[in-house]
Amino acid sequence: MTEPTTPAGPGFNLGEGPGRLLVWLYGVFTVAAASRSVVQMILDFGRAPLAYVLSAIAAVVYAFITYSLVRGGPTARRAALVCCAAELAGVLVVGTWTLAEPSAFPDATVWSDYGMGYLFIPVILPVTAMVWLRRAAQPQAG
């Protein structure tokens with residue numbers, strides 16, 4: 001008898017098990033970052049345009065990763081892996097920038113202070129997702 005195949009490979013689906021939690025977290029962060037940036041841009045864009053645009057970019061990255069995790073398959077997995085690496089780079093760059101030059105950010109972004117305003121989830125999430133996605137690339141023992 002053969003094992004059922006999923007888009008990610010035999011017996012493995014990115015949106016199942018721990019992957020389901022990643023999909024949920026990325027979905028929540030998509031809505032949170034998008035809502036925050038839209039409201040801030042509408043109400044007070046001139047106050048901190050860089051921070052608000054960076055939050056909007058974070059929302060787009062989160063949305064793409066969410067979509068890729070739900071879609072599954074090797075191409076989506078690779079795309080999500082690249083986006084998670086870019087997300088981690090963004091968190092590290094913006095986090096360091098907000099600590100080194102706080103005056104550049106009169107208002108916080110999702111990635112400010114390495115995501116401290118979001119319980120550091122923005123720095124933990126991409127690392128966790130990359131580990132999960134690399135695991136998804138491994139052939140499953142049957």
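Bear in mind the structure is a predicted one, so any value in this text is a computation, not a measurement.
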Shortest non-hydrogen separation from Ala76 to Gly72 and the atoms involved: CB-O, 3.0 Å
Where at least one partner belongs to residues 56-70, residue pairs that pass salt bridge (charged side-chain N to carboxylate O under 4.0 Å, His left out), sequence neighbours excluded: none
Connected via hydrophobic side-chain network under 4.5 Å: Leu88 and Leu99: yes
Nearest-0.5 Å distance, CE of residue Met130 to CD1 of residue Ile65: 9.0 Å
ILVMFWY cluster, Val23 and Leu21 together (side-chain gap under 4.5 Å): yes
Contacts of type side chain to side chain donor-acceptor pair (under 3.5 Å), residue Ser37, not counting sequence neighbours: none
Any pair counted as salt bridge (charged side-chain N to carboxylate O under 4.0 Å, His left out), so long as it reaches residues 118-131, sequence neighbours left out: none
Salt bridge (charged side-chain N to carboxylate O under 4.0 Å, His left out) partners of residues 94-105, not counting sequence neighbours, each pair once: none
In one Ile/Leu/Val/Met/Phe/Trp/Tyr side-chain cluster, 4.5 Å: Leu119, Val94: yes
Close side-chain approach of Phe29 to Glu87, heavy-atom, < 4.5 Å: no
Please tabulate, for the side chains in residues 121-129, all donor-acceptor contacts under 3.5 angstrom to protein atoms that are two or more places apart in sequence or on a different chain.
| unit_1 | atom_1 | unit_2 | atom_2 | d |
| --- | --- | --- | --- | --- |
| Thr128 | OG1 | Ile124 | O | 3.0 |

Joint hydrophobic cluster, Phe64 plus Val91, side-chain heavy atoms closer than 4.5 Å: no
N/O donor to acceptor pairs below 3.5 angstrom from side-chain atoms of residues 48-58, sequence neighbours left out:
| unit_1 | atom_1 | unit_2 | atom_2 | d |
| --- | --- | --- | --- | --- |
| Tyr52 | OH | Asp107 | OD2 | 2.8 |
| Ser55 | OG | Ala51 | O | 3.3 |
| Ser55 | OG | Val110 | N | 3.3 |

Atom pair OH/OG1 of Tyr118 and Thr109 - distance to nearest 0.5 Å: 8.5 Å
Heavy-atom check, side chain of Leu133 versus side chain of Leu69, under 4.5 Å: yes
Partners meeting side chain to side chain contact (heavy atoms under 4.5 Å, CB included) with Ala108 (sequence neighbours left out): Arg36, Ser112
Arg71 side, atom CZ; Arg77 side, atom CZ - distance, nearest 0.5 Å: 14.0 Å
Pairs touching residues 84-107 that satisfy ring pair (Phe, Tyr, Trp, His ring centres under 6.0 Å), sequence neighbours left out: Trp97-Phe105
ILVMFWY cluster, Val28 and Leu25 together (side-chain gap under 4.5 Å): yes
Qualifying residues under ring pair (Phe, Tyr, Trp, His ring centres under 6.0 Å), relative to Tyr114, sequence neighbours excluded: none
Side chain to side chain donor-acceptor pair (under 3.5 Å) partners for Tyr67, two or more places apart: none
Qualifying salt bridge (charged side-chain N to carboxylate O under 4.0 Å, His left out) pairs with a residue from residues 24-34, counting only residues at least two apart or across chains: none
Tyr26 vs Cys84 side-chain heavy atoms within contact, under 4.5 Å: yes
